[in-house]
2 protein chains.
Amino acid sequence: METALDMTFAALADPTRRRILTMLLEDDMAVTDVAEPFDISLAAVSKHLGILTRAGLISQEKRGRVKWCKLEPDALKAASVWMQGFGQFEPVNLDAFEQFLGDLLGEGRGEDPSP
Amino acid sequence: METALDMTFAALADPTRRRILTMLLEDDMAVTDVAEPFDISLAAVSKHLGILTRAGLISQEKRGRVKWCKLEPDALKAASVWMQGFGQFEPVNLDAFEQFLGDLLGEGRGEDPSP
DNA sequence: GCCATCGTCAACCAGACGGTTGAATATGGA
DNA sequence: TCCATATTCAACCGTCTGGTTGACGATGGC
């Protein structure tokens with residue numbers, strides 16, 4: 001049986017999907033617009049969005065002929081809580097977050113969760 | 001290129017590996033002892049431990065003929081920080097954590113990160 | 001009504017994943 | 001020295017994953 005936590009972490013394991021999530025952090029987007037910055041087919045992006053939707057990380061609503069994608073941050077909450085159960089590190093503060101973003105730059109681009 | 005975040009989330013996506021992490025939360029363990037509660041082969045557990053090690057979530061140290069596995073919670077920190085970048089939910093408090101554990105019971109066993 | 005646009009579906013492919021088994025490599029104890 | 005214990009390695013298997021392409025169903029503009 002595949003639990004919610006399984007699906008959440010599996011969804012987050014792909015860099016394309018994480019990048020999509022950070023894009024949606026700024027604003028809701030249509031599928032075509034989500035796909036625009038990527039070098040893969042629209043069908044591939046559509047699959048990624050399906051995985052994110054099944055994991056509950058985003059929701060999709062069709063208005064007219066365009067389907068809008070919206071971030072659902074509450075799904076991240078469960079995963080975040082799971083990790084914090086390990087509790088051996090203090091709640092994250094903004095300073096640590098900024099520093100982490102700096103570290104990230106050396107590792108790969110398009111990962112940053114903030115504008 | 002496979003980033004650290006890729007490996008962390010992929011490692012967390014498997015329920016066997018999450019259960020191993022919660023076991024190691026209580027104490028360091030030898031590979032054989034880690035494998036004991038599982039219905040899979042020792043070799044399979046050894047592979048899981050390799051994945052957790054490569055993701056930096058645990059470390060392994062050989063003392064004598066037994067290899068000890070130790071939780072490395074700092075690796076979870078990066079992933080936790082990434083998620084908190086979405087910041088639309090407040091830092092987790094203990095009450096929410098207890099409630100979450102309650103919710104989890106209906107979903108699958110062996111997932112709980114606390115004793 | 002017609003055509004372009006938005007998005008998904010279906011079939012396919014290469015490669016990774018989780019598991020198995022059996023052999024191999026330490027190491028410790030008698 | 002010999003044997004049992006602890007762990008990994010290597011080869012293999014079925015299934016899932018991320019990608020492609022081409023055809024297809026809706027919807028909106030003209």
Side-chain angles (χ1 to χ4, degrees), chain A residues 1-21 23-24 27-70 108 110-111, chain B residues 1-21 23-24 27-70 108 110-111:
Chain A
M1 188 179 304
E2 187 159 58
T3 73
L5 228 36
D6 289 354
M7 288 188 295
T8 302
F9 283 126
L12 293 177
D14 185 279
T16 299
R17 288 192 290 264
R18 286 201 306 277
R19 196 167 150 205
I20 290 175
L21 290 179
M23 289 165 58
L24 292 177
D27 211 349
D28 299 357
M29 295 178 80
V31 174
T32 307
D33 294 334
V34 169
E36 194 270 334
F38 294 99
D39 278 342
I40 60 180
S41 69
L42 183 62
V45 172
S46 179
K47 277 192 193 178
H48 281 302
L49 291 171
I51 291 170
L52 289 169
T53 301
R54 247 172 289 121
L57 290 166
I58 68 170
S59 59
Q60 293 181 289
E61 183 199 354
K62 193 165 182 179
R63 271 205 300 274
R65 83 180 145 177
V66 37
K67 204 169 190 176
W68 291 91
C69 305
K70 181 176 180 305
E111 302 276 333
Chain B
M1 188 180 304
E2 188 159 56
T3 73
L5 228 35
D6 289 355
M7 288 189 293
T8 303
F9 283 126
L12 293 176
D14 185 278
T16 299
R17 287 193 290 263
R18 285 201 306 278
R19 196 166 151 205
I20 291 175
L21 290 179
M23 288 164 59
L24 293 177
D27 211 347
D28 298 358
M29 295 178 79
V31 173
T32 306
D33 294 333
V34 170
E36 195 269 333
F38 295 99
D39 278 342
I40 59 179
S41 69
L42 185 62
V45 172
S46 179
K47 277 191 194 180
H48 281 303
L49 291 171
I51 290 171
L52 288 170
T53 301
R54 248 172 287 122
L57 290 166
I58 68 171
S59 58
Q60 292 181 290
E61 183 199 355
K62 192 166 183 179
R63 270 204 301 274
R65 79 180 147 177
V66 36
K67 204 168 192 176
W68 292 91
C69 305
K70 180 176 181 306
E111 302 276 331

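Just so you know, these numbers use all the heavy atoms, side chains as well, and skip hydrogens, waters and symmetry mates. As the structure is a prediction and not an experimental result, all values here were calculated from the model.
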What is the distance, to the nearest angstrom, from the CD atom on A:Glu61 to the P atom on D:dA26? 19 Å

What residue among B:Asp28, B:Leu52, B:Val31 forms side chain to side chain contact (heavy atoms under 4.5 Å, CB included) with B:Gln60? B:Val31

In whole Å, what is the span from the CG atom of A:Asp6 to the C1' atom of C:dG18? 13 Å

NA contact type, A:Arg63, heavy-atom cut-off 4.0 Å: base, sugar-phosphate, or nothing? nothing

Knowing that exactly one of B:Leu24, B:Ile20, B:Val34 qualifies, which makes a side chain to side chain contact (heavy atoms under 4.5 Å, CB included) with B:Ile58? B:Leu24

Below 4.0 angstrom from OP1 or OP2 of C:dC17, is there any side-chain N or O of B:His48? no

Side chain of B:Ser46 - closest among D:dG19, C:dG19, D:dT8: D:dT8

A:Arg18 has an atom CZ; how far is it from atom P of D:dG18, in whole Å? 12 Å

All heavy atoms of B:Ala13 vs all of A:Ala10, minimum pair found to be CB-N, 3.6 Å

Roughly, in whole Å, what's the span from CH2 in B:Trp68 to C1' in D:dT7? 14 Å

How many Å lie between NZ on B:Lys47 and P on D:dA11, as a whole number? 12 Å

Considering heavy-atom distances to DNA chain D, does A:Lys62 or A:Ile51 have its closest nucleotide positioned more toward the 5' end? A:Ile51

Quickly work out the A:Glu2 CD to D:dT17 C1' distance and round it to whole Å. 12 Å

Passes side chain to side chain contact (heavy atoms under 4.5 Å, CB included), A:Phe38 versus A:His48? Steps please. CA-CA 12 Å; A:Phe38 294 99; A:His48 281 302; over 6 Å; no

Tell me the interatomic distance from B:Met7, atom CE, to C:dC17, atom P, rounded to whole angstroms. 11 Å

When B:Ala10 and A:Val45 are each assigned the nearest nucleotide of DNA chain C, the 5'-most assignment goes to A:Val45

Rounded to whole Å, the CD1-P distance (A:Ile40 to D:dT21) equals 12 Å

Check A:Met29 against A:Asp33 and note the closest heavy-atom contact, atom names and distance. CE-O, 3.6 Å

Between the protein and nucleotides 2-6 of chain C, list every N/O to N/O distance that falls short of 3.5 Å.
residue: C:dT5; atom: O2; partner: A:Arg65; partner atom: NH1; Å: 3.1

Please determine whether a side-chain nitrogen or oxygen atom of A:Ser41 lies at a distance below 4.0 Å from atom OP1 or OP2 of D:dT20. yes

Give the C-alpha distance, both sets of side-chain angles, the deciding distance and a yes or no for side chain to side chain contact (heavy atoms under 4.5 Å, CB included) between B:Arg19 and B:Thr16. CA-CA 5 Å; B:Arg19 196 166 151 205; B:Thr16 299; 5.8 Å; no

Could you walk me through whether A:Met7 and A:Ile51 pass the side chain to side chain contact (heavy atoms under 4.5 Å, CB included) check? CA-CA 8 Å; A:Met7 288 188 295; A:Ile51 291 170; over 6 Å; no

